[in-house]
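To start, the structure under review is shown below, and the notes come after it.
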There are 2 protein chains.
Amino acid sequence: MEILPERTVERLSHYRRVLSKLLEINKEYIYSHEIAKLLHITPVQVRRDLMLIGHSGTLRKGYRIRELISLIGTIIDNPEKYKVAIVGFGKLGHALLNYLTENESNLHLVALFDTNPEKIGTTNNNVICYSVDRIPEIIKRYKIDMALLTLPPQFAQLTANQLVESGVKGIINYTSSILSIEGAFLEQYDMIASLEKVAYFTKPEFYL
Amino acid sequence: MEILPERTVERLSHYRRVLSKLLEINKEYIYSHEIAKLLHITPVQVRRDLMLIGHSGTLRKGYRIRELISLIGTIIDNPEKYKVAIVGFGKLGHALLNYLTENESNLHLVALFDTNPEKIGTTNNNVICYSVDRIPEIIKRYKIDMALLTLPPQFAQLTANQLVESGVKGIINYTSSILSIEGAFLEQYDMIASLEKVAYFTKPEFYL
DNA sequence: TCTAAACTGTTATTGAAGTAACAAGTAAAA
DNA sequence: TTTTACTTGTTACTTCAATAACAGTTTAGA
């Protein structure tokens, strides 16, 4: 299978989430325009995404929801769950912990890391918080795939290097520091930049 | 001035942040390739962004840092600070509160909203937490421009409608529910989709 | 049985974002 | 003073994502 566009992967995640809810209320088939309406996108985009993952619907009946969910699973999930660590157990780290434990997903949160002695050694939602000194050891031992960086920006690059050296293959950087890493997929999410962007577009001269 | 591309606006925010640090250590001029290196982008992109905002550098000397910072300010800031509210004062809301009060910026956090009676009426980093019932009243009274949604997804759409009706012009939706709004700029940030995307790209067959 | 409406699947087009190429001009060195 | 190296500013090109257009097929109804 070809590598999918990033945007398509994001939408697959959305598709699966809304379809799962529909499955629960025993809906069996769904049209592309119904999916589109739920996500506020166009029907063409839905069909195109499904084409890319090689899913076929039934003419004039739409897509079999159960089948589609399962196909999306084979594409964006792993046979085993992805193992995730949160580095920096502050407010944001805690929020992410909640997201990960509340939402059923293919991600398995395995470890937390922090520098605060009061946090180290505690168990939160069944996940242990380790000292950041033990990053290489724990990452390797549990074969952790992904890390979420929510620590103070000045430590972000150094920590990212350590993580990648220890085998992490995906990083989401929530700090305001800009990282460069090789050998792993990096996603930056800068809250301040995002806030300032939205602020810019709230200027009255831009309303449509 | 023409409306700027979204990505350019985001980068302007980054430029300003790193340039401010350089100004503090008394650096006066900077080359496009120096900025590029700091942000891990290409020099061309820097020059192109600066061209778009109409900034001129000095040949073979680069850009005057002080001037550039001030120009970026006139573009992405308002004469008055943007007024911001956080709706849903949980862990993520708290994290955003910290971001906004720790980082010097053109955003002024004016109000928090929650449903929890224990939180309502409290003051956090000098910001009062109100009941969500008072959204229309408070938004109008303080002329709030932007809102950050960090409440449970099932209330997101309803609340967003209220906010826009009360005059909010920009919304960042951190909930997993997909919103549709008219008359305001909307930015969705879906943590789960973002996690699943990164997970997808950590698959071994995609390493470069 | 035939016709029309409805929906899928795919290709072509448009649009946005990023990259490359290069002309023009200046400072420093010869 | 002349030459060379370097850096900006801008246009042209490429790549990625979204939208439009339409061919093909099935079902329902006449």
Side-chain angles (χ1 to χ4, degrees), chain A residues 1-15 19 27-65 67-68 71 178 185-188 193-194 197 200-201 206 208, chain B residues 1-15 19 27-65 67-68 71 178 185-188 193-194 197 200-201 206 208:
Chain A
M1 148 103 48
E2 277 298 297
I3 189 164
L4 297 170
E6 291 197 22
R7 298 299 167 81
T8 296
V9 177
E10 288 176 2
R11 281 190 296 268
L12 289 176
S13 167
H14 288 144
Y15 296 155
L19 291 175
K27 192 168 163 70
E28 208 178 336
Y29 284 91
I30 192 166
Y31 298 123
S32 61
H33 64 257
E34 292 178 293
I35 300 180
K37 194 156 199 181
L38 290 169
L39 304 215
H40 303 111
I41 56 178
T42 66
V44 194
Q45 184 140 68
V46 175
R47 295 207 297 277
R48 213 173 184 295
D49 285 336
L50 301 191
M51 183 192 87
L52 288 174
I53 64 172
H55 182 75
S56 291
T58 311
L59 256 168
R60 296 196 39 106
K61 286 182 85 178
Y63 304 94
R64 256 188 83 80
I65 294 178
E67 220 173 74
L68 184 47
L71 177 62
I178 291 152
F185 184 87
L186 172 66
E187 166 103 343
Q188 310 252 12
S194 154
K197 178 179 81 169
Y200 173 81
F201 284 102
F206 297 153
L208 309 184
Chain B
M1 150 102 49
E2 277 299 296
I3 188 167
L4 297 170
E6 291 198 21
R7 299 299 168 82
T8 296
V9 177
E10 287 176 2
R11 281 191 297 269
L12 289 177
S13 166
H14 287 146
Y15 296 155
L19 291 175
K27 192 168 162 70
E28 207 178 337
Y29 284 90
I30 192 165
Y31 297 125
S32 61
H33 65 256
E34 292 178 295
I35 300 181
K37 194 156 199 181
L38 289 169
L39 305 216
H40 304 114
I41 57 178
T42 66
V44 193
Q45 184 140 70
V46 174
R47 295 206 299 277
R48 213 173 184 295
D49 285 336
L50 300 190
M51 182 192 88
L52 287 174
I53 64 173
H55 182 75
S56 292
T58 312
L59 257 169
R60 300 201 32 110
K61 286 182 84 178
Y63 304 94
R64 257 187 82 81
I65 294 178
E67 221 173 72
L68 184 47
L71 177 62
I178 291 151
F185 184 86
L186 171 66
E187 166 104 342
Q188 311 254 10
S194 155
K197 178 178 82 169
Y200 173 81
F201 284 102
F206 297 153
L208 309 184

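Proteins get letters first, then strands, A, B, ... in listed order; numbering begins at 1 in each.
Summarising the geometry, the separation between CD1 on B:I53 and P on D:dT10 is reported as 13 Å, rounded to the nearest angstrom. The CD1-C1' distance, from B:I41 to C:dA17, rounds to 13 Å in whole Å. In this structure, B:M51 atom CE and D:dT8 atom C1' are separated by 12 Å, rounded to whole Å. Rounded to whole Å, atom P of D:dT15 lies 16 Å from atom CD1 of A:I3. Spacing between atom CG of A:L52 and atom P of D:dA17 amounts to 10 Å, rounded to whole angstrom units. Distance, B:H40 NE2 to C:dT19 C1': 18 Å, rounded to whole Å. B:H55 has its NE2 atom 14 Å from the C1' atom of D:dT7, to the nearest Å. Summarising the geometry, the separation between CG on A:L59 and C1' on C:dT10 is reported as 13 Å, rounded to the nearest angstrom.
You'll find that the side chain of B:S32 is closest to D:dT8, out of C:dC7, D:dT8, C:dG18. Closest approach to the A:Y31 side chain among C:dT19, C:dC7, C:dC22 is made by C:dC7 (side chain taken as heavy atoms from C-beta onward). Of the listed nucleotides (C:dT19, C:dG25, D:dC22), C:dG25 has the atom at the smallest distance from the side chain of B:R60. Checked against C:dT10, D:dA17, C:dA17, the side chain of A:E6 finds its nearest nucleotide in D:dA17. Checking D:dT10, C:dA24, C:dG18 against every side-chain atom of B:Q45, the shortest atom distance belongs to C:dG18. Out of C:dC7, D:dT7, C:dA21, the shortest distance to the side chain of B:V44 is found at C:dA21. Comparing atom distances between the B:Y63 side chain and each of D:dG9, C:dG18, D:dC6 picks out D:dG9 as nearest.
Note that the NZ atom of B:K197 and the CZ atom of A:R11 stand 11.5 Å from one another [nearest 0.5 Å]. Annotation: the span from B:R7 atom CZ to B:D49 atom CG amounts to 11.5 Å, rounded to 0.5 Å. Interatomic distance, OG1 of B:T8 versus OH of A:Y200, reported as 9.0 Å (0.5 Å rounding).
Remark on DNA chain D: of its neighbouring residues A:T58 and A:D49, the 5'-side contact belongs to A:D49, judged by nearest-heavy-atom nucleotide. Residues A:K61 and A:T8 both approach DNA chain D. Their nearest nucleotides, taken by heavy-atom distance, put A:T8 toward the 5′ side. Mapping A:H33 and B:R47 onto DNA chain C by nearest heavy atom places A:H33 closer to the 5' end of the strand.
Across all strands shown, A:R7 has heavy atoms under 4.0 Å from sugar-phosphate atoms exclusively, and none from any base.
Ring geometry for B:H55 against B:Y63 counts as tilted: the plane angle lies between 30° and 60°, on a 0 to 90° scale.
A donor and an acceptor atom sit less than 3.5 Å apart, one in the side chain of B:R48 and one in the base of C:dT19.
Between the side chain of A:E34 and the backbone N or O of A:Y31, at least one donor-acceptor pair lies under 3.5 Å.
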